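Numbered from 1 within each chain, the chains take letters A, B, ... in sequence-line order. None of these values were measured; they are calculated from a predicted model.
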There are 2 protein chains.
Amino acid sequence: MTNLGTTSAELLIELDRSSRRPLHAQLEDGLREAVRSGRLPADGRLPASRALAADLGISRRLVVDAYAQLRAEGYLIARRGAGTYVAGAPAAPTAPAAEPPPTTPAFDFFPGYPDLASFPRRAWLRVLRETLREAPDRSFGYPDPRGAIELRVALAGHLARVRGVVADPESIVICAGAAQAFALLARTLAGAPMAVEDPGMPVHRAILTAHGAELVALPVDGEGARVEELTRGLAAGSALLTPAHQAPTGVVLSSERRAALLAWAGEGGRVVIEDDYDAEYRYDRAPLAAMQGLAPDRVIYTGTVSKTLAPALRLGWLVAPPRLLGTLVAQRLLADHGSPTIDQLALARLLESGAYDRHLRQARRRYRARRDALVAAVARHLPGARVTGLAAGLHALVRLPEPVDGRALARAAARDSVGVYPLGLSYLTPRPLDDGLVLGYANLAEPAIEEGIRRLARALRAPRPAPTNDGGAIAR
Amino acid sequence: MTNLGTTSAELLIELDRSSRRPLHAQLEDGLREAVRSGRLPADGRLPASRALAADLGISRRLVVDAYAQLRAEGYLIARRGAGTYVAGAPAAPTAPAAEPPPTTPAFDFFPGYPDLASFPRRAWLRVLRETLREAPDRSFGYPDPRGAIELRVALAGHLARVRGVVADPESIVICAGAAQAFALLARTLAGAPMAVEDPGMPVHRAILTAHGAELVALPVDGEGARVEELTRGLAAGSALLTPAHQAPTGVVLSSERRAALLAWAGEGGRVVIEDDYDAEYRYDRAPLAAMQGLAPDRVIYTGTVSKTLAPALRLGWLVAPPRLLGTLVAQRLLADHGSPTIDQLALARLLESGAYDRHLRQARRRYRARRDALVAAVARHLPGARVTGLAAGLHALVRLPEPVDGRALARAAARDSVGVYPLGLSYLTPRPLDDGLVLGYANLAEPAIEEGIRRLARALRAPRPAPTNDGGAIAR
């Protein structure tokens, strides 16, 4: 046991008598810090309480209590008749790491974003204020894992009116975004493979797989997912599709395939998961109603405010047939007990007040103009390119005149502050060489869209090494 | 194919020309509803568009468009030259189920609640208002899965000051309450058994097991968890403990066992999970600092606002050694992408402004008075009972003079509007016959505590069938 003959002066404990923090707490802080930093080394002996008290100009009682406190915490040990020592080996302090700077490019065509600048801050604050004024005290307890009844009632009406969804409040489970809905569904439907669109969303596939789903690929063509692969015997107990606006190609699932998909699900208790992520936006005519309304006994409907209000709210929902609800709610409880109640009550008020609909009408006008700006900019700067998937949603698919090395192009564009998202990386087996770019236009004003596409064209013209299509890792 | 000769009149489509909903949408709604309800039966033929238009007094174009819309959605099918028919079998409408009434007893000693009535509504609204006024637009995008940097910075300072936790912002992961922290930890630490306190929290065990943890029981006695079982060779790679106030017995882990636990963890790369759920409350002296401060390389610290502000906020955190952070953050991303950003920024402001500390100081005074009221009420109404676990937290353990059938007592008390929580049901193997009752006192005013204990005494005096200790299901 080392005896360094530590004196109080060496302890360098600074006591600030003008601080609101009590002296005993300051003393304990100082002692802990001295042990952690190694200034008081392992097995080192502490000054006698009387000596330290005299040096610091405080009562001995304070020092005795501080030593007792740190003994109870395990920082110090007492040896009978031999004083107080530093216990064991102190932990190395953790070095603070710097926060990496945000790396969002200035012209980011990230397809997952609505216009973040037009989040209805005032309307949201208003419904939060009303909620905090009027919610009963029990609203501050543990949430209902199904979601707040007020929100489920408001959503049932909204989804019926806007999307033709057949939902009653008891068939809805509020989720932390559609992302969590997929996690809960993977856990609930485990046991049979799940068909997912290819190309699709890599991050959704990662969520499904992490929660136990075995995925099989359903190719996508100009009419949407090739449902005939299912009816021809692709082994799957469920199928997750984006019928309103295929993610990421933007194709609408044809009516023939909708019918065939529901028929397939009707055989043998299968279910279709209808991811209706951006169906609020359809520009050239009224949106198609959701498939779920046709077959609520075999379609699970998922939706989110991530494309209508903000991803930061982490609010989404699923509508499921009664036979699956018990397991889904149990999984929600075991995930995190439920979504924050205040936010749910605020969203219910936003829906009931009509403010949500008003926001959507404004957003639709804004995004239609941005969509048109994208089409014009592509025509101007990328001759020979075609833009598809334009009828709905917040992103379009740009088909370049010839395949490019998507990763190299994305890197070149990023160096010019442009974010683009190669379609080839959305396949289960990524295709480095592909002619598709997935471009979200909702979060960029028209001049930024024009400038971003101009820079993209410049990046495309830059010479790059010849690419090949021999696989690679899944990006984003 | 049925031909019911449906006429427009039978369709009973009501169009309200004073409504803000456009006529075409009303027409589509009416047609969908007619198919779903079965009024238009499967394979039934629809009226010719011209006839329906005339009957409803609208242009034929509207009817043609509505039929086209419902064909695209799959509700209707067209037969070339033969008119429009209802497709396939319509779905049975889902019957709305009634919301069950809330069943919280009037005198509920639920141990998991702070005083819900004293949630700082005004302070919370203030920080929300500031956040919505000042947060940059990018705050409305997808959250940082680690948590908002502003909150991690504020928490690192708060936890160091109040709990002696060694944390830098990079070592913190914000979670949807401690519940989600346990789910992430179970997934991250899978591969070796996890020791959990017995008795402990059944809901936490359920979360851990659901996410892949294999649990082994660590008995609890008057000095806390029997750490010597670990050092004597109980096979476990991690151990989850509540050192500051054992849940549910209220015992404080002794300093000898703290040291032994850290030494055990130091051998072979094991980790201790320190669940510091209610350590902000300690009444008779300053709280013991968290163990994590002694050994941040082998202790994972978890905390929550559920006991300081409200469970409804679903905000908690974990502090972990660098080697585990990558996996924990990936698991968080795959669970739900992260916690709602606005709420996180609001909590950061509450911490930085000092309002959180002020709230805690008021709460500590309030709960100390309620604790004293519980002790007095037990002395008055339950002679022979002892109250333990009183030094800290929001609940105490009442030891009755003799064992009782916990479930029968809880049922009898519930009939008298009193909620009590038998200790016996907190064991891995539940003990129907036990002398312990876990009683939370923070969410009941003093008169309600007095009345609740009076009623509990009455329930105890009521004759009941003789109980036995032969197992049973885990409750709650």
Side-chain angles (χ1 to χ4, degrees), chain A residues 32 69 71-75 87 91 93-94 96-97 99 113 116-117 119 121 124-125 128-129 132 137-143 149 164 166 168 170-171 176-177 179-180 183 206-207 210 255 258-259 286 288-289 291 293-297 310-314 334-337 340-343, chain B residues 32 69 71-75 87 91 93-94 96-97 99 113 116-117 119 121 124-125 128-129 132 137-143 149 164 166 168 170-171 176-177 179-180 183 206-207 210 255 258-259 286 288-289 291 293-297 310-314 334-337 340-343:
Chain A
R32 277 190 211 102
Q69 174 78 12
R71 279 202 309 274
E73 293 172 4
Y75 281 85
T94 317
E99 171 72 353
Y113 276 159
L116 300 181
F119 178 82
R121 297 180 186 226
W124 189 246
L125 179 62
L128 283 169
R129 184 188 304 117
L132 284 167
D137 290 337
R138 63 179 153 72
S139 307
F140 297 99
Y142 281 96
I149 181 66
V166 174
D168 66 72
E170 295 309 302
S171 63
Q180 190 184 45
I207 290 169
S255 56
R258 284 170 191 246
L288 292 182
M291 291 174 59
L294 270 175
D297 59 325
L313 295 181
R314 307 312 304 133
L334 293 169
D336 58 9
H337 286 344
T341 306
I342 310 300
D343 297 343
Chain B
R32 278 190 211 103
Q69 174 79 11
R71 279 202 309 275
E73 293 173 3
Y75 283 85
T94 317
E99 172 71 354
Y113 275 158
L116 299 181
F119 178 82
R121 296 181 187 227
W124 189 246
L125 179 62
L128 283 169
R129 184 188 302 117
L132 284 167
D137 290 336
R138 62 179 153 72
S139 307
F140 297 98
Y142 281 97
I149 182 65
V166 174
D168 67 72
E170 295 308 302
S171 63
Q180 189 183 45
I207 289 169
S255 57
R258 285 170 191 244
L288 291 182
M291 290 174 59
L294 269 176
D297 59 326
L313 294 181
R314 308 311 305 132
L334 293 169
D336 57 10
H337 286 344
T341 306
I342 310 299
D343 297 343

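The shortest side-chain heavy-atom distance between L128(B) and L132(A) falls under the 4.5 Å cut-off. Using a 4.5 Å heavy-atom threshold, the side chains of I342(A) and R314(B) count as separate.
Scanning for ring-ring contact (aromatic ring centres under 6.0 Å, His included) contacts around F140(A) gives F119(B), with sequence neighbours left out. Qualifying side-chain hydrogen bond (donor to acceptor under 3.5 Å, both in side chains) partners for D336(A), counting only residues two or more places apart in sequence or in other chains: Q180(A), R332(A).
The minimum heavy-atom distance linking A312(B) with P143(A) is given by the pair CA-CD, 4.4 Å. The heavy-atom pair separating A335(B) from A183(A) by the smallest distance is O-CB, 4.1 Å. The nearest pair of heavy atoms linking L125(A) to L125(B) is CD1-CD1, 4.1 Å.
When heavy atoms are compared at a cutoff of 4.5 Å, R129(B) approaches chain A by way of both its backbone and its side chain. Heavy atoms of Y113(A) lying under 4.5 Å from chain B belong exclusively to its side chain. In this structure, the portion of R258(A) lying under 4.5 Å from any heavy atom of chain B is its side chain and not its backbone.
We find the CG-OH distance between L288(B) and Y75(A) to be 11.0 Å, quoted to the nearest 0.5 Å. Separating the CD atom in E73(B) from the CE atom in M291(A) is a distance of 11.0 Å, to the nearest 0.5 Å.
Heavy-atom pairs under 4.5 Å with chain B were tallied for T341(A), D343(A), L334(A); the largest tally goes to L334(A). The greatest number of non-hydrogen atom pairs below 4.5 Å with chain A, out of A210(B), A117(B), A289(B), A176(B), is found for A289(B). Note: G141(B) leads G141(B), A206(B), A179(B), S255(B) in heavy-atom pairs under 4.5 Å with chain A. Ranking Q69(B), H337(B), R32(B) against chain A, the residue ahead of the rest is Q69(B), based on heavy-atom pairs under 4.5 Å.
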